[in-house]
Asker: 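My questions all concern the structure below.
In this text, all values refer to a predicted model and were calculated from it rather than measured experimentally. Only this structure's heavy atoms are used, side chains among them; waters, hydrogens and symmetry mates stay out. Every chain is numbered from 1 and lettered A, B, ... according to where its sequence line falls, protein lines coming before strand lines.
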There are 2 protein chains.
Amino acid sequence: MSTYTNAPYHHGNLRQALLEAALIILEKEGQNGLGLRDLARAVGVSAAAPYRHFDSRAALLEALAVTGFQRFSAAMEAVASTEPAQPMAAMGKTYVLFALDNANLFRLMFSPELKRDNRPGLRMAADAAFDTLRQAVGGDQRSGRIKALAAWAKVHGLAILLLDGQIALRAGEDTEALIAEIIGGL
Amino acid sequence: MSTYTNAPYHHGNLRQALLEAALIILEKEGQNGLGLRDLARAVGVSAAAPYRHFDSRAALLEALAVTGFQRFSAAMEAVASTEPAQPMAAMGKTYVLFALDNANLFRLMFSPELKRDNRPGLRMAADAAFDTLRQAVGGDQRSGRIKALAAWAKVHGLAILLLDGQIALRAGEDTEALIAEIIGGL
DNA sequence: TCCTATATGTGAACAATGTCAACTTACACC
DNA sequence: GGTGTAAGTTGACATTGTTCACATATAGGA
């Protein structure tokens with residue numbers, strides 16, 4: 001399993017190298033700027049090589065989205081473990097900041113081109129991430145469910161609108177402060 | 001300008017025909033399933049013909065998004081002109097239902113691939129649509145702004161989460177009722 | 001230590017796509 | 001009626017995702 005050197009095969013650990021390079025390209029160029037050939041070139045490998053590790057470009061994107069959900073989940077758990085005074089507000093802020101800090105990865109996670117129905121791995125990763133949310137928010141009981149869904153919608157919508165530059169900041173206004181104000185009433 | 005027959009040129013009114021066919025294909029196949037060549041084939045015209053009316057595929061998509069915003073705007077104004085008892089709730093419901101009824105068009109309107117910065121036409125159409133919202137909601141005064149943004153985020157997020165099938169309905173639960181419940185507290 | 005099965009990477013090819021340039025057609029208008 | 005120009009066609013190009021036949025390096029048993 002774990003060897004001393006981290007370069008097990010021919011060219012090194014290609015799968016990992018591909019994912020890492022892909023994340024960088026994705027964040028810089030966006031989902032459509034991430035081509036398999038460019039990616040292969042960036043890693044210094046032939047255009048067909050990635051197919052030994054991913055069935056298709058879509059599968060590569062799915063793998064990226066899965067790691068995205070894992071990071072997202074980790075960020076959420078980190079906040080929850082803090083046991084903040086206002087759990088929902090704290091997690092909401094983290095939610096939005098994660099989206100802003102990982103813009104294209106976040107967009108990929110919710111990309112319609114990755115139909116979650118056909119991708120059990122992605123579905124599971126997404127569900128796991130949101131379960132973290134649900135637990136902290138207590139949306140399991142019938143009473144809290146509507147409130148939890150409403151909070152989720154608000155936070156998710158805020159993230160997307162900010163990402164799209166749809167919410168214009170006023171002069172001297174701070175993004176983080178605005179987020180806090182909007183989320184405040186949770 | 002306006003002629004008796006509505007088939008001004010060679011093949012008929014291509015631009016309009018393209019847009020109409022594109023809307024149908026878009027709703028059925030999604031943004032990535034909408035190829036220029038397929039579209040041209042569907043209208044019965046050569047692959048290069050669309051370039052007489054749209055600079056690029058992106059320009060075609062932009063035109064589609066613009067008509068999307070116009071329809072959206074119209075739906076909003078229609079509701080507002082009703083002068084409902086709860087303006088925000090009524091418009092919110094319309095907002096979400098529009099998204100569900102025009103899933104792929106709605107997604108296109110907010111597609112990151114259409115950077116609104118570089119597309120004044122799209123930006124204007126979007127702003128016009130949201131202005132309708134802002135007016136009805138009264139988010140111009142400093143006091144109401146946060147509340148208006150929060151409502152917008154909530155509604156937009158709800159639309160997207162429902163579109164993605166992320167919010168699971170419980171047994172015997174009605175989508176529209178759930179929307180009303182979640183939006184209720186505006 | 002050698003041999004072989006197998007995992008990994010290469011190279012050349014394919015079909016499909018967006019796009020463009022040169023050419024043709026048909027309408028509008030003087 | 002002749003001509004300029006808008007609208008459509010044909011054929012080409014580069015690029016992309018993907019595949020197949022081939023090459024190579026590694027692992028693990030003989």
Asker: If you look at every heavy atom in Leu64(B) and Leu105(B), which pair is closest and at what distance?
Answerer: O-CD1, 3.7 Å

Asker: Under the 3.5 angstrom rule, does the side chain of Thr82(B) hit a backbone N or O of Pro84(B) as a donor-acceptor pair?
Answerer: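 No; zero donor-acceptor contacts below 3.5 Å.
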
Asker: Does any residue of residues 54-67 of chain A have a heavy atom under 4.0 Å from DNA chain D, and if so, which ones, in number order?
Answerer: Ser56(A), Arg57(A)

Asker: Between Phe72(A) and Phe130(A), how do the two ring planes meet: parallel, tilted or perpendicular, split at 30° and 60°?
Answerer: perpendicular

Asker: Go through residues 28-41 of chain B and report each residue with a non-hydrogen atom lying under 4.0 Å from DNA chain C, sorted by number.
Answerer: Gly35(B), Leu36(B), Arg37(B), Asp38(B)

Asker: Would a hydrophobic clustering, with Ile, Leu, Val, Met, Phe, Trp and Tyr connected at side-chain separations under 4.5 Å, put Leu61(A) with Ile24(A)?
Answerer: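 They do not share one cluster, since no chain of ILVMFWY contacts under 4.5 Å joins Leu61(A) to Ile24(A).
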
Asker: Would you say the side chain of Leu133(B) lies within less than 4.5 Å of the side chain of Tyr95(B), judging by non-hydrogen atoms?
Answerer: yes

Asker: Can Asp127(A) and Arg134(A) be counted as an ion pair, charged N to O under 4.0 angstrom?
Answerer: no

Asker: Return no unless some side-chain N or O of His53(A) is found under 4.0 Å from OP1 or OP2 of dA7(C).
Answerer: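 Checking His53(A) against dA7(C): no side-chain N or O falls below 4.0 Å of OP1 or OP2.
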
Asker: Under 3.5 Å, side chain of Arg57(A) to main-chain N/O of Leu34(A), donor-acceptor pair present?
Answerer: yes

Asker: Whole Å only: how far is the OH atom of Tyr51(B) from the C1' atom of dT19(C)?
Answerer: 5 Å

Asker: Starting at atom CG of Leu14(A), determine the distance to atom P of dG9(C), rounded to an integer number of angstrom.
Answerer: 4 Å

Asker: Using the side-chain heavy atoms of Ala48(A), tell me which of these nucleotides is nearest: dT10(C), dG8(D), dT19(C).
Answerer: dT10(C)

Asker: With sequence neighbours left out, write down each residue that passes ring-ring contact (aromatic ring centres under 6.0 Å, His included) with Phe106(A), or none if nothing qualifies.
Answerer: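 Result, ring-ring contact (aromatic ring centres under 6.0 Å, His included) vs Phe106(A): Phe110(A), His156(A).
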
